[in-house]
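Working notes, structure below.
We name chains A, B, ... by the order of the sequence lines, and we start the count at 1 in each one. Heavy atoms only: backbone and side chains are in, while hydrogens, waters and symmetry mates are out.
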Protein chains: 2
Amino acid sequence: MAEARARTRIAAVRSERNVQSDRTESGHRREHLIAKAITLKDVAREAGVHISTASRALNESTRSEVSSETADRVIAAAALLGYQPHPFARGLRTNRTRSVGMVVPDLVSPFTPPILAGAQHVLSEVGYSLLIGSDDESSPHAKTAVDTFLDRRVDGLIVANARLDFTPPEALMGHNVPTVLVGRSVERKSLPAIVCDDRAAFALIVDHLVALAHTRIAHVAGPLDISTGLFRRDAFLDAIARAGLATTECRVFEAGAFRSRDGRVACDRLLDSDGAFTAIVAANDLLALGCIDAIRERGLDVPRDISVTGYDDIALVDRLDPALTTISVPYEEMGSMAADLLLDLMARDDRILETSYEPIRLAPSLVVRSSSGPVRSK
Amino acid sequence: MAEARARTRIAAVRSERNVQSDRTESGHRREHLIAKAITLKDVAREAGVHISTASRALNESTRSEVSSETADRVIAAAALLGYQPHPFARGLRTNRTRSVGMVVPDLVSPFTPPILAGAQHVLSEVGYSLLIGSDDESSPHAKTAVDTFLDRRVDGLIVANARLDFTPPEALMGHNVPTVLVGRSVERKSLPAIVCDDRAAFALIVDHLVALAHTRIAHVAGPLDISTGLFRRDAFLDAIARAGLATTECRVFEAGAFRSRDGRVACDRLLDSDGAFTAIVAANDLLALGCIDAIRERGLDVPRDISVTGYDDIALVDRLDPALTTISVPYEEMGSMAADLLLDLMARDDRILETSYEPIRLAPSLVVRSSSGPVRSK
DNA sequence: CTGAAAGCGCTAACAA
DNA sequence: TTGTTAGCGCTTTCAG
C-alpha cells in the first residue's frame with residue numbers, strides 16, 4: 001500500500017525532473033532504465049522547504065537547528081522518495097568518505113578471510129564501506145595498495161600485511177590517515193596493532209610439551225622478516241627459558257615461507273643436524289604438516305618418536321592423521337577489534353601521533369590433539 | 001635529489017595555499033599535520049595555465065585538445081607536486097566511481113577467497129577498487145549489501161551469493177548497474193553468470209565410478225534452493241542417465257547445509273534406507289567428509305565398502321585419510337572472469353538488458369585420490 | 001528557525 | 001589551442 005504510493009510518487013518526481021532536463025527527447029520510453037537518482041533538491045521541493053533546510057533536517061547533528069515539524073516533514077519526504085544522499089557530493093564537502101581500506105598479504109591464505117570478515121562486519125554496522133587491496137609482489141613498480149587507498153581518500157587504513165621493516169609511508173603520515181595494523185606488528189611500534197599473544201601461545205605449547213616430559217624441543221620458524229616469524233621464534237625461546245629448559249639445547253631452523261614444503265625442508269635440515277630432540281614446535285600449521293611429512297619419510301612416527309605442534313588451527317587439521325595439536329587464534333576477533341580501534345582513532349579530532357604504541361595482544365588457546373604425545377620411554 | 005626538490009616545492013605550494021586561506025590563523029604550526037592535498041588548481045598555477053587546460057592535459061581522452069608543450073608542462077607539474085585527482089570531485093562530474101562492489105555469501109567459506117582474489121586482481125589492474133560486503137542473515141532488516149553498494153554508486157556489481165530465487169532488486173534495475181553473478185547462477189537467467197560446469201564435473205565423477213564398476217551410486221545434495229545444490233543434483237542425475245545407469249537405482253538425499261555434520265546426517269538417512277549402493281557422490285567436500293564419518297561409524301570402510309567423492313578440492317583434503325577424490329574448480333579464474341565480464345559490461349554505453357543470459361561455464365577437473373576405489377568383489 | 005549563497009575539486013559546454 | 005563559466009549534490013557560513 002504505502003509502498004505502491006511511494007513508487008507512484010517517485011515516478012512523478014522523476015518525471016518532473018525528466019521533463020525539465022529532457023525536453024528535447026521525444027518521449028520517456030527509457031525512463032525506467034536511466035532513472036536519475038533522487039536528490040536533496042527533490043526532497044526539499046517535496047517537503048516545501050529550501051534545500052539547506054532539508055539538509056539540516058536530514059543530518060543528525062544539525063537537526064536541532066530546525067523545527068521538529070519541518071524536520072518530520074522533510075524526513076517523511078525523504079523516506080517517501082527513497083532519498084539517498086550522494087556520497088561523493090557529501091564527501092566533497094565533509095572530506096570524509098566513510099570508507100576504509102584494508103590491505104591484505106594474500107587473500108587465499110587461511111587467516112586472511114576471518115580477519116577480513118571481522119573487520120567487514122564491524123565497519124558495515126556503522127555505515128563504513130570496506131575497500132580491499134593486496135600488493136602484487138610480482139610487479140613492484142605498480143602502485144602500492146596503500147597509495148591506491150590514499151588516492152581514494154579512505155578515512156582509515158587497516159594493514160594486515162606489514163613486514164617487520166614496515167614504516168608508514170610518508171604519504172600516509174602526510175595525509176594523516178588513521179591506520180591500524182592487524183595480525184602482524186612492526187619493529188618500530190610506530191602504529192597501533194592488534195596481534196595474537198605469541199608469548200602466551202608458546203607458553204601454552206611449551207608447557208604442554210614439558211608436561212609430556214619433553215626437554216629437547218626444536219622450533220621451525222617462519223621467515224624472520226615477518227613479525228609472525230620473528231616474534232614467534234622469540235616467544236618460543238622465551239617460553240623455553242621460562243620453562244627452565246636450556247635454550248642451548250633447543251635448535252631453531254628457519255623456513256623460507258609459511259608453506260608445508262618449506263616446513264619439510266627445514267625439518268629435514270633439523271633431522272640431519274646432530275641435536276637430539278623429541279618435539280618440534282612449528283610457527284604455523286602448514287609448516288607443521290611439512291615437518292610431519294619429513295619425519296614420516298624417515299620411517300619415524302608422530303607423535304611416538306617426535307611430537308609436532310602447529311599454530312593457527314586452520315580448517316581440517318582436526319581431521320588429519322595425526323590430528324594436529326595447535327594454537328587456535330581468534331582471527332575474526334582480531335579483525336573486528338582492529339576495526340573498532342580504527343573507528344576510535346577516526347572519531348578523535350586530534351590527530352596526535354603517539355611515538356610508540358604497545359600492540360594489543362589477544363589471547364590464543366591451546367588445542368590438544370594427537371600429534372603431540374609423551375616422550376617415548378626407551 | 002629530484003625527490004628532495006619535489007618535496008620542497010610541495011611544501012612551498014602548500015604554504016602559498018595556506019597563506020591564502022588561513023590568513024587569520026596565527027601560525028602554521030600544524031601545517032605538516034593537516035597538509036591539504038594538492039589540487040588541480042595548484043598544478044595549473046605551477047604550470048602557468050588555466051585550470052581547465054590542466055584538466056584537459058591530464059586526461060588521456062582530452063589531451064589531444066591541448067598543445068603537446070603545454071601538456072608536457074602540466075604533466076611535469078603534476079608529477080612534481082604529486083598531484084592526485086580527487087576521486088569524489090571527478091566522480092561527481094562523471095557519475096562514475098571506478099569502484100565495484102562484490103557481495104559474498106560468507107567470507108570464511110573455502111571458495112569465497114579465491115573468487116575474491118581473482119576479481120580483485122583484475123580490477124585493481126585497471127584502476128578499479130573493490131568494495132566488499134556480505135549480507136548479515138541474522139539481521140534481516142539491515143540494509144542489504146547490494147543496497148549499500150548502490151548508495152555508494154558503484155559502477156558495477158559482482159554477486160557471489162545469489163540464491164536460486166534471486167531476482168535483481170528493483171533498485172538494481174532502476175539504477176541500471178551492470179551486474180555479474182559468479183559461482184552461483186539463478187533460475188531465471190536474468191543476469192550473466194560465471195559458474196563451474198557442473199554437468200561436466202559430474203560426468204567426470206560418474207564415469208570414474210562406472211569405470212570402477214559402480215552401478216548403484218547415491219548422491220548427497222546440498223540445499224536445493226541454491227544453484228550449487230540444485231544444479232549439481234540435476235547434473236548428477238543427468239550423468240547417471242548418460243552413463244546408462246538406471247536413475248531409479250540412484251537415491252538422492254538432501255543435506256540441510258554445505259557442512260560436514262549435515263552431510264553426516266544425510267548419509268545416515270541414506271545408510272538407513274533400503275537401497276544398496278557402493279558409492280556416494282557428495283555435492284561438495286565438506287558433505288563428503290560428513291559421509292565418510294557416517295560410514296565409518298558403522299564399521300564400514302572407505303573406499304573398500306563404499307566409495308565417496310567430493311567437490312571443490314578445498315585445502316588439505318589431499319592429506320586426509322582417505323585422501324578425497326574430488327573435483328577441482330577454478331574459483332580464482334571464475335573471479336577474474338567475472339571481473340573481466342563486468343568491465344566489458346561497464347564499458348558498453350548501451351545498457352541493453354538482454355532477457356536471458358546463458359551462464360559461462362568453466363571446466364572443472366577430476367582429482368582421483370584414495371576415497372574412491374573399485375567395487376568390492378563379494 | 002529558515003533562506004540565500006558560496007564552494008568542495010573537478011569536467012565539459014561554450015567562447016574567444 | 002586556450003580561457004570562461006556552469007554546474008555535479010551536498011554542507012555550511014551568513015543573513016534575515
Practice task
Determine yes or no for a side-chain-to-main-chain donor-acceptor pair under 3.5 angstrom, with A/Arg153 supplying the side chain and A/Asp151 the backbone.
Solution key: yes
Exercise for the section: Starting from P on D/dC8, measure out to CZ on A/Phe88 and report it in whole angstrom. Expected result: 17 Å
Completion exercise
Interatomic distance, CD1@A/Ile158 vs CG@A/Leu181, rounded to 0.5 Å, equals 10.5 Å
Exercise for the section: Identify whether any heavy atom of B/Thr70 sits under 4.0 Å from a base atom; if not, whether one sits that close to sugar-phosphate; answer base, sugar-phosphate or nothing. Expected result: sugar-phosphate
Fill in the blank from the handout: In whole angstroms, the gap separating C1' of D/dT2 from CD1 of B/Ile51 amounts to 14 Å
Handout entry: Side-chain (B/Asp155) to main-chain (B/Arg96) donor-acceptor, under 3.5 angstrom
Key = no
Fill in the blank from the handout: Ranking B/Val49 and A/Gln84 by the position along DNA chain D of their nearest nucleotide, the one closer to 5' is B/Val49
Problem - Quiz item: B/Arg153 side-chain donor-acceptor pair to D/dG9 base, under 3.5 Å - result: no
Problem - Quiz item: B/Arg93 side-chain donor-acceptor pair to D/dG7 base, under 3.5 Å - result: yes
Handout entry: Whole-Å distance separating the CG atom of A/Asn95 from the P atom of D/dC10
Key = 17 Å
Exercise for the section: Taking only the side-chain nitrogens and oxygens of B/Ser55, find out if one of them lies under 4.0 Å from OP1 or OP2 of C/dC10. Expected result: no
Practice task
Taking A/Thr39 for its side chain and A/Ala37 for its backbone only, find out whether a donor-acceptor pair lies under 3.5 Å.
Solution key: no
Problem - Residue-phosphate contact under 4.0 Å: B/Ser67 side-chain N/O, D/dT2 OP1/OP2 - result: yes
Handout entry: Closest to side chain of B/Val66, choosing from D/dT2, C/dG3, C/dT11
Key = D/dT2
Completion exercise
B/Glu65 atom CD is separated from C/dA15 atom P, nearest whole Å, by 16 Å
Fill in the blank from the handout: In whole angstroms, the gap separating C1' of C/dT11 from CG of A/Leu92 amounts to 13 Å
Exercise for the section: Please state whether the phosphate of D/dC10, meaning OP1 or OP2, lies under 4.0 angstrom from any side-chain nitrogen or oxygen of A/Thr39. Expected result: yes
Problem - Out of D/dT2, C/dT11, C/dT2, whichever nucleotide has its closest atom nearest the side chain of B/Arg56 - result: D/dT2
Problem - Rounded interatomic separation in angstrom, taking NE2 from A/His50 and C1' from C/dT2 - result: 9 Å
Practice task
Measure the distance from CG on A/Asp72 to P on C/dC1 and round it to the nearest whole Å.
Solution key: 13 Å
Practice task
Give the nucleotide from the list C/dA4, D/dT11, C/dT2 with an atom nearest to the side chain of A/Ser52.
Solution key: C/dA4
Practice task
Round to a whole Å and report the spacing from CZ of A/Arg45 to P of C/dT2.
Solution key: 20 Å
Exercise for the section: For the pair A/Arg98 (side chain) and A/Tyr128 (backbone), establish whether a donor and an acceptor sit closer than 3.5 Å, ignoring hydrogens and angles. Expected result: no
Practice task
Respond yes when some side-chain nitrogen or oxygen of A/Thr53 is under 4.0 Å from OP1 or OP2 of C/dG3, and no when none is.
Solution key: yes
